[in-house]
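In listed order, ligands and their atoms are each counted from 1.
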Amino acid sequence: MLAYHRTFFRLACYAIPAFLLAATMTNTRAVEPNYDESAVRQFALPAVLAGPDGVPVTTAEAWKNTARPHQFGLLEKFVYGRRLPSVPVTVVGQVDRAAVTLAGDVAALRLQATLQLGDAANAPTTDVLLYLPKLLPESKDRVPVFLTLNFRGNHAEHADPEIKLSTAWMPDDKAAAIVNNRATEASRGTTAQRFPVESMLARGYGMATAYCGDVFPDRADGRAASGLQSLGRPVEGTLASDETGAIGVWAWQVSRILDWLVTLPEVDPQQVIVVGHSRLGKTALWAGASDERFALVVSNNSGCGGAALSRRNFGETVDVITSRFPHWFCPALATYAQRETDLPCDQHTLLAMIAPRPLYVASAVDDRWADPRGEFLAAVAAAPAWKLFGLTGLGTTEYPAIDKPIGATVAYHVRTGGHEMLAYDWQRFADFADRTLRHQASPPANGYPAFHPVQKPLPIKPPPGAVVLVPDRVEKNAALATFTSMAGGPIDWQADDGALAVHATEKNANHIVSKQLFRDADIHAEFVTSPEAKGNSGLYIHGHYEMQIYDSFGVQPPTDQDAGSLYRFGKPIVNASLSTGQWQVYDIRFIAPRRDAAGKIVKPGSVTAWLNGRLVQNELTFTEPRSPYTPYKHGVTDFLKGVEKHLLTTDEGPLFLQDHGSPARFRNVWIKRLDTP
Ligand code: GTR
C-alpha cells in the first residue's frame, strides 16, 4: 500500500497540475504515519559539501567562502525563508536584578528585562528571564549561558513567584492553566521540568529564556501579530516562496536576545549556547546556522524540519508539518510535500551549518513522530563538514544504545521515554559543554540508569532487582514482614480493600519502618489519600526527608505542605495531585547525602520525583534534615536510636510510611537500590 502511494505520488508530482495535486495530497494526509523502518524509501542525500557548482569542496576555506553560503542559501530558499536583518536592541525601562535563593538553598542572581527589538514604532518586545550562579562580589568570572525559547511564557518555566506573568497570547492549554489564551497564576511552573535552573546553576551555567510568542504567536494567522511588520515584511496576501516563517522569526528573536546577553558583565560572550525543544529545537538549529556567535547548538527532539532527514518518510513528514503548521516555514517547503527527494537540500545540511562549533542532537526513543533514527542519520551525514576542520563529528555510524550518549564534536543520544526535554537531557548537554567549551571534566556521573518512570497504567510492575515492601494486593490479615513498628516489633497496620492502611494514631507516631535499608535508590509507591485529617501521610525517606502525601487536589499554588513537596525543602514544581479515593503514584530517585565520620553531611543529597505522570521535583538538593517531627525526635524508641546510628555512619537507612492521623492506603511499594547490584 505504501509502495503504491509512493509511486503514485512521484508520478502525480510531475503530471498533475498544482491545484489537483494539492487536493490529492490532502487526501493522503489521512494515511497513517509510517513507523516501519523497512517501508522507508531509498534515497540519496544532496552532497553536504557541494558548492554552487555542485562540486564538493575539500578545504575549510572553500567551505566558509563558497559551499557554506551556498548551502545556507538553499535552506533559506526552500525551508526557512530569508534570514532577517539585525536591528538595534534596547532595554525598556530597567533591568530587574535580584539576589535570590532557590530551592535547595541555591544562591542565584535573577535578571528580568524587556527588550525592544528594533526602533520601528511597531517594534516587538520580548521579556527575558535570566538566572546566573551567584558569583563572589570580587569575581571577574564570566559564565556560560544556556539560552532557550519557551512555549508558555517565562513564568511557566520556573515556580519562582517573582517571575513576571506573561500577558501575551498563548494557545489554550489546560495543563499549563492557560484560559482564554492568557496565562493565569496557576500557570506558574507548569513547564518547569524543561528548565532545571538549580541543577544547571550548580554546574556553573546561567539559564536564559523568553517566550517565542512574544515575536510570533504560534498560530496559522500569527504573521499579522508578529515582528515581521516592523521589519517591513509582508504579513498577508500571497507570500514570496522564500518569505520567512515563524521559525525564522523565532531564530531572529534568539539572536537579538544574544545581542543583549553579551552586554552583561557576568556572561561569557564566547559561551552562549542555544538550546531548543521540538519546534523550538528546529528554531535552535536555524538560529545556530544563522548566527555563528552561538558557541554550541543543542537540538532536542526537533524532528521534521529540525534534525530529522526530510527524505525519510518516518513519523512526521513535510506534507503533514506544512499542512498543520503552514506558518513555520517559507511557502516553498510545502511544494515538496510527497516529493521530498526533489528538495535541493536536506536537514543534514542544516546540521553542517554548525561546524566547526560543537553540536548536540538529542532524541527520545518513544518520540517516533520526530524520527530518532532520522535525526541520528542527519548527524552522521553532516560529519564531513567537521572533518574539513580536522575535527571528528559523530565519529561513528552505529546507532547507540538507549541513554548512552556518543560523539566527539557532534554528540547524540536517544533517551528513554517520550517527547520532552528533561533533567537527563540537560545534564548531558552540560557534560558536552563542559568538554567542548570549557575544556573541563564534568562532575563524576553516578552511573545510575536514567530516571524517567512510566506511571500508567497502575499498578506498575516492579523492575528486576526491586525489593517489594508492599505487594500490589495486600491480603486480609496478611502479616507484612517487610516492615517493623517504630519499636522494632510487628506492625499493626491492616489490609483494607487490598491495600495496606495506615493505622492512624493521635500522636501521629505510628509509622512503619522498612527492614530493607538503602542508600541511593528508586522508590515507587502507589497510594490513596483519605479525606480525613487532610489526607496527611508521607514517604519518610531514611526518616529524615519526607516526600509529602496530602490532600492537595486543586490547590493553587501548591506550597511545601502539599503533595509533591519535599517537606521543608521544596514545594512541588507543579500540583500533580489527584482527588482523595483515587490511586496515585510516586516515583522518587533518592540520592542520599554523604556524611563524614562524625555524621555531618559533607555532600548534599538530591531528590527527583514524579507524581501521577508529572515531574514534581527535579534534582532538588538537601542537606541536614529540617523537620522537627523526624521519628528520631518525635516518638523515638531504642530501636530507632539504633537505626539512626547506623544511618549516620553508613548513609543507609529505611523507608518509613508515615502515620499522620489519616488512614491513607498503600499498595505496590518497592525500592530498587542503585548502588548495589
Ligand atoms: C508537533 C509537531 C512537531 C513538533 C511538536 C512540538 O505537533 O508535529 O514537529 O515540533 O509539535 O513543537 O511540540
What residue pairs, at least two apart or across chains, pass ring pair (Phe, Tyr, Trp, His ring centres under 6.0 Å) with a residue in residues 301-321? Tyr35-Phe314

May I ask you to decide whether Asp127 forms a salt bridge with Lys164, counting only side-chain N to carboxylate O separations under 4.0 Å? yes

Partners passing side chain to side chain contact (heavy atoms under 4.5 Å, CB included) against Ala177 (at least two apart in sequence or in another chain): Thr184, Ala186, Ser187

Once you round to the nearest 0.5 Å, how far does CG of Leu377 lie from CG of Leu309? 6.0 Å

Residue pairs involving residues 190-199 (criterion salt bridge (charged side-chain N to carboxylate O under 4.0 Å, His left out); sequence neighbours excluded): Arg194-Glu420

Shell of residues surrounding ligand 1, defined by a 4.0 angstrom heavy-atom cut-off that is strict: Phe151, Ser278, Arg279, Lys282, Glu316, Ile321, Arg324, Phe325, Trp328, Trp369, His419

Centroid-centroid under 6.0 Å between Tyr399 and Tyr412 rings: yes

